[in-house]
> 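Could you have a look at this structure, given as structure tokens, before my questions?
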Amino acid sequence: MKFIVEGKQFQQQLQAVSKVISSKNTIKILDNFLLSVDGDSLMITGGDSENMLTATMPVQEVEGAGAVAVNARRLLEITKEIDNQPLTFEINDESKEIDLKFLNGHFNFMGVDAAEYPSRREMSDESLELVLPAEMVVNGIENTWFAVSNETTRPVMTGIFWDIHEGDVTFVSSDTHKLVRYIDSEKAPGMEASFILPSKTSSILKSLISKDETDVRIVFDKKGGLFEFGDYILYSVFINGNYPNYNRVIPQNSAFSLVVDRASLINALRRVNLFAPKSSNLVVLRLNQDEMVLAAQDADYGTSAEERVACSYEGNSMEIGFNGVFMVEILNNLDCTDVVMQITDPARPCIYSALEKKEGKDLVTIQMPMQVL
């Protein structure tokens, strides 16, 4: 088998596919890329035990067809040094010996029999198909990915919950300290379904899907889903389990609300956070009419900080504590000038949202309070 690829594009596709390859694969063959030639197309596949990503690119001067597995690290290192010129692959179909030729020389190394590489699971007869705008998928992941839990003791919380309704897709994530619910009705799916997408898969999709792309085709069943976009096909095993009732966690009525400039609050929090206890990142908010006071104290080091931030607030005077680092994450995730914070009392969650809503989109984040000593 022989083919020629454009070096820079080949390197880019290898880099993209490498995102799915684990550094600690229990199945050794998954340390390799699978290179498959069919007609004038080259398919580059990489995977781990739960995901499989294939990128397609054109090839020239093809002789024969077939597939070979190549060590991913070695191929990445080689092509990184010669990615600005055509690369000619000559592969011995029997021995799997690979001769990679470039302008001023060649590399000779061994491949692995492609038959050892696992195939992608086929979708069941009960699979569903959904086509969503690329921007809708990217926004859903970008708005919720930061709140996914890292605690493996509760696997269902380590992914993004896709709650698909007739008229919208609701994306949800939570690490129990904060919860994000993003509703997008840009396109009505016309079905009722749900699945939990692992955080690794979500990260890969976020990095590869361009908002300029037209659509993402999703074919899924109870066990996993296939995402097709641009030159890529990504398969992922879903997280098995029932996601908690997120709507029950979000307070339906809040007694008081305040409006504050998002940038001003972020900047003040970053300064005050420097003096918060490292074990808790506790920042105390003292709310008075048209004023918010941020305070932090680290008793272990005998340091403290206090800063005032102007806001619009007409509720009862209140003192409530939050994790300051989480507050910055939440505020950074809101794309707006002014933020609305809805608060009832020091023991109930705070609801964050944008003052000006975007049509067809509803982003709400809640944060659990901390005990103020």
Side-chain angles (χ1 to χ4, degrees), residues 136 139-151 154-186 189 192-197 199 202 239 241-260 262 265 283 285 287 292 311-313 315-316 318 320-336 338-371:
M136 186 174 176
N139 286 342
I141 295 173
E142 286 184 342
N143 281 305
T144 54
W145 189 72
F146 80 99
V148 170
S149 175
N150 295 319
E151 296 293 331
R154 299 188 67 187
V156 296
M157 309 298 282
T158 62
I160 296 175
F161 182 51
W162 293 47
D163 199 4
I164 303 167
H165 307 115
E166 290 283 342
D168 66 68
V169 178
T170 300
F171 301 84
V172 183
S173 67
S174 176
D175 59 5
T176 70
H177 301 289
K178 51 189 181 292
L179 180 145
V180 185
R181 185 196 67 189
Y182 173 71
I183 303 174
D184 197 324
S185 56
E186 178 183 349
E192 296 286 332
S194 64
F195 56 81
I196 306 173
L197 192 66
S199 59
S202 302
I239 296 174
N242 296 317
Y243 205 84
N245 185 342
Y246 56 88
N247 283 318
R248 199 169 68 181
V249 180
I250 302 174
Q252 299 305 307
N253 297 295
S254 297
F256 312 112
S257 66
L258 65 87
V259 179
V260 61
R262 187 180 69 93
L265 182 54
V283 173
L285 277 61
L287 305 179
M292 176 193 301
C311 66
S312 175
Y313 177 68
N316 293 343
M318 189 185 307
I320 184 169
F322 292 109
N323 183 306
V325 173
F326 290 164
M327 282 190 72
V328 172
E329 287 181 349
I330 292 169
L331 293 166
N332 277 331
N333 195 58
L334 292 170
D335 182 18
C336 60
D338 295 316
V339 174
V340 179
M341 297 174 62
Q342 295 174 275
I343 298 173
T344 298
D345 61 59
R348 298 187 66 188
C350 171
I351 304 174
Y352 299 80
S353 59
L355 179 61
E356 296 183 3
K357 307 290 186 182
K358 294 183 178 180
E359 185 177 354
K361 297 171 175 57
D362 181 23
L363 176 62
V364 168
T365 304
I366 71 168
Q367 183 178 13
M368 299 302 296
M370 299 177 67
Q371 185 176 4

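Note that these values count all heavy atoms, side chains included, but never hydrogens, waters or copies made by symmetry. Here the structure is a predicted model, which is why all the values come from computation and not from measurement.
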> Using side-chain heavy atoms (C-beta onward) and a distance below 4.5 Å, is Val339 in contact with Leu265?
no

> Any idea which heavy atoms bring Val156 and Ile196 closest together, and the distance?
O-CG2, 3.7 Å

> With sequence neighbours excluded, give me every salt bridge (Lys or Arg N to Asp or Glu O under 4.0 Å) pair touching residues 338-357.
none

> When rounded to the nearest 0.5 angstrom, what is the spacing between CD1 in Ile351 and OG in Ser257?
10.0 Å

> Of all the heavy-atom pairs spanning Ile160 and Ser202, show the shortest one and how long it is.
CD1-OG, 3.7 Å

> Mind checking the NZ-CG spacing from Lys358 to Leu363? Nearest 0.5 Å is all I need.
9.5 Å

> Measure the shortest side-chain to side-chain distance between Ile250 and Arg181 over non-hydrogen atoms and say whether it is less than 4.5 angstrom.
yes

> Please identify each residue that fulfils side chain to side chain donor-acceptor pair (under 3.5 Å) with Gln342, with sequence neighbours left out.
none

> Within the 4.5 Å heavy-atom criterion, are Pro369 and Pro346 side-chain neighbours or not?
no

> Using side-chain heavy atoms (C-beta onward) and a distance below 4.5 Å, is Met327 in contact with Leu285?
yes

> Heavy atoms only: give me the nearest Val148-Ser199 pair and the separation to one decimal.
CG1-CB, 3.9 Å

> Mind checking whether Pro189 and Val169 have side chains closer than 4.5 Å, heavy atoms only?
yes

> Can you tell me if Ser149 uses its side chain to pair, donor with acceptor, with the backbone of Ser174 under 3.5 Å?
no

> Can you name the residues that form a side chain to side chain donor-acceptor pair (under 3.5 Å) with Tyr313, not counting sequence neighbours?
none

> Please list all pairs passing the salt bridge (Lys or Arg N to Asp or Glu O under 4.0 Å) test where one or both residues lie in residues 162-171, with sequence neighbours left out.
none

> Show the numbers, then the answer: is there a side-chain contact (heavy atoms from CB on, under 4.5 Å) between Ile164 and Phe195?
CA-CA 9 Å; Ile164 303 167; Phe195 56 81; 3.9 Å; yes

> At their closest point, which heavy atom of Thr176 faces which heavy atom of Arg154, and how far apart are they?
CG2-NH1, 3.7 Å

> Once you round to the nearest 0.5 Å, how far does CZ of Phe256 lie from OG1 of Thr344?
7.5 Å

> Just so I know, are the side chains of Ile330 and Phe146 near enough to count as touching, which here means a heavy-atom distance under 4.5 Å?
yes

> Out of curiosity, Ile343 CD1 to Phe322 CZ, how far, rounded to the nearest 0.5 Å?
5.0 Å

> Asn143 versus Asp335: any side-chain heavy-atom pair under 4.5 Å?
no

> Can you list the residues that meet the ring pair (Phe, Tyr, Trp, His ring centres under 6.0 Å) rule with Phe171, with sequence neighbours excluded?
Trp162

> As an exercise, state the distance from CH2 of Trp145 to OG of Ser173, rounded to the nearest 0.5 Å.
11.0 Å

> Would you find more than 12 non-hydrogen atoms of other residues, nucleotides or ligands less than 6.0 Å from Asn242 atom CG?
no

> Measuring from atom CE of Met292 to atom CG of Leu258, what distance do you get when rounded to the nearest 0.5 angstrom?
4.5 Å

> Would you call Asn323 and Gln367 a side-chain contact if the rule is heavy atoms closer than 4.5 Å?
yes

> Return each pair, listed once, that meets salt bridge (Lys or Arg N to Asp or Glu O under 4.0 Å) where at least one residue sits in residues 324-333; pairs must be two or more places apart or across chains.
Lys178-Glu329

> List the atom of Arg262, the atom of Leu331, and the distance in Å for their closest heavy-atom pair.
NH1-O, 2.9 Å

> If you compare all heavy atoms of Val283 against all heavy atoms of Gly324, which two are closest, and at what distance to 0.1 Å?
CG2-CA, 3.8 Å

